[in-house]
Amino acid sequence: MKKLAIFVLTLTLVLALVGCGKTEPEYLRVYSFNGENERFTVSNGVIVLDDTKEIFYGGELKATDDFFVDTVSCSATFYITQGDEQKIILSNSVIDMTGGSVNFNGDLGKISGDGVLIGNKIENIGYLENNLYFELTITNNEGAENKYQLKLSLTEVTQETTEIEK
C-alpha cells in the first residue's frame, strides 16, 4: 500500500511539472530607440513584441544642466503620426504645486499588454521606423510654455530565426 501511495504521488508531481515547462514564443521581436538634440537625449527605449504581449519602455531622459531651471510643469509624450493625427503611445506629466521647480530627468515610464501598439495605435511595426516621435512640453514659473519635438531612431535588435534555431 505504501508503494502505491508513493507511486501515485510521484506520478502526480511528474504530471504537474510537465505542464509547467516554459515554451519560447514563436514570434519575438525586440527594438531599441533613441534620439537627441542640443537640449536633451532620449536613450535606452525598448519595444518588445511577442505572441501575446507588447511592451513599450520609454527609456531615459537626460537634459542639459540648465534645461529644467524654473520649470513648474513638464509633460513627456511618445506618439506616432498618421497624416495630421497624432496617436499617443505613452504620456507622463508632473506639476509642482509647492512653489519649487520640477526636474524630469530619468525614467520615462512603460506600458504593456496585448495590443498596446499593433492594432490599437499602428498597423505594423514597420510603420514605427519613420514615424516614432517624442515631445517634451515644459512650462516655466512665468507661465511660458515650450514644446520640443524629437524624431526617434528605431533599430531592430533581434534577428530572423533560422531553421536550425527552431
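The chain is numbered in sequence order, starting from 1. Keep in mind it's a predicted model, so treat the numbers as computed, not measured.
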Test side chain to side chain donor-acceptor pair (under 3.5 Å) applied to [X] - qualifying residues, sequence neighbours left out:
| X | answer |
| --- | --- |
| Gln149 | Tyr79, Glu135 |
| Asn103 | Asn105 |
| Thr77 | Ser91 |

- Decide side chain to side chain contact (heavy atoms under 4.5 Å, CB included) for Tyr57 and Ile111; before the verdict, give the C-alpha distance in whole Å, the side-chain angles of both, and the deciding distance to 0.1 Å. CA-CA 7 Å; Tyr57 169 62; Ile111 186 169; over 6 Å; no
Any heavy-atom pair between the side chains of [Y] and [X] that's under 4.5 Å?
| X | Y | value |
| --- | --- | --- |
| Tyr31 | Phe56 | no |
| Phe134 | Ile89 | no |
| Glu60 | Asp107 | yes |
| Glu129 | Asn131 | no |

Under 3.5 Å, which donor-acceptor pairs link side chains of residues 36-45 to any protein atom two or more places apart or in another chain?
| unit_1 | atom_1 | unit_2 | atom_2 | d |
| --- | --- | --- | --- | --- |
| Asn37 | OD1 | Arg39 | N | 2.8 |
| Asn37 | OD1 | Phe40 | N | 2.9 |

Item to complete: Just do the side chain to side chain contact (heavy atoms under 4.5 Å, CB included) check on Leu28 and Val48 with the steps written out, would you?
Response: CA-CA 7 Å; Leu28 176 65; Val48 178; 4.0 Å; yes
**Report entry** Cluster overlap Val72 with Val102, hydrophobic side-chain contacts below 4.5 Å
**Finding:**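 No.
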Under the 4.5 Å side-chain heavy-atom rule for ILVMFWY, direct or indirect, which residues accompany Met97?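 ILVMFWY cluster around Met97 also holds Ile95.
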Pairing residues for [X] by the side-chain contact (heavy atoms from CB on, under 4.5 Å) criterion, not counting sequence neighbours:
| X | answer |
| --- | --- |
| Asp66 | Thr64, Val69 |
| Glu142 | Asn140 |
| Thr155 | Ser32, Ser153 |

Roughly how far, to the nearest 0.5 Å, is [atom2] of [Y] from [atom1] of [X]?
| X | Y | atom1 | atom2 | value |
| --- | --- | --- | --- | --- |
| Ile55 | Asp50 | CD1 | CG | 7.0 Å |
| Ser73 | Ile138 | OG | CD1 | 8.5 Å |
| Leu150 | Leu136 | CG | CG | 9.5 Å |
| Asn92 | Phe104 | CG | CZ | 5.0 Å |
| Leu152 | Asn130 | CG | CG | 12.0 Å |
| Lys110 | Ile47 | NZ | CD1 | 14.0 Å |

For a side chain to side chain contact (heavy atoms under 4.5 Å, CB included) check, start with the C-alpha distance between Ser101 and Phe68, then their side-chain angles and the critical distance, and finish with the verdict.
CA-CA 8 Å; Ser101 63; Phe68 289 110; over 6 Å; no
Notebook entry, point to check: Does the ring center of Phe33 lie less than 6.0 Å from the ring center of Tyr133?
Noted result: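 Phe33 vs Tyr133: aromatic centres not under 6.0 Å.
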Quick check: closest heavy atoms across Leu108 and Ala76, and the distance to 0.1 Å?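 Minimum heavy-atom separation between Leu108 and Ala76: CD2-CB, 3.9 Å.
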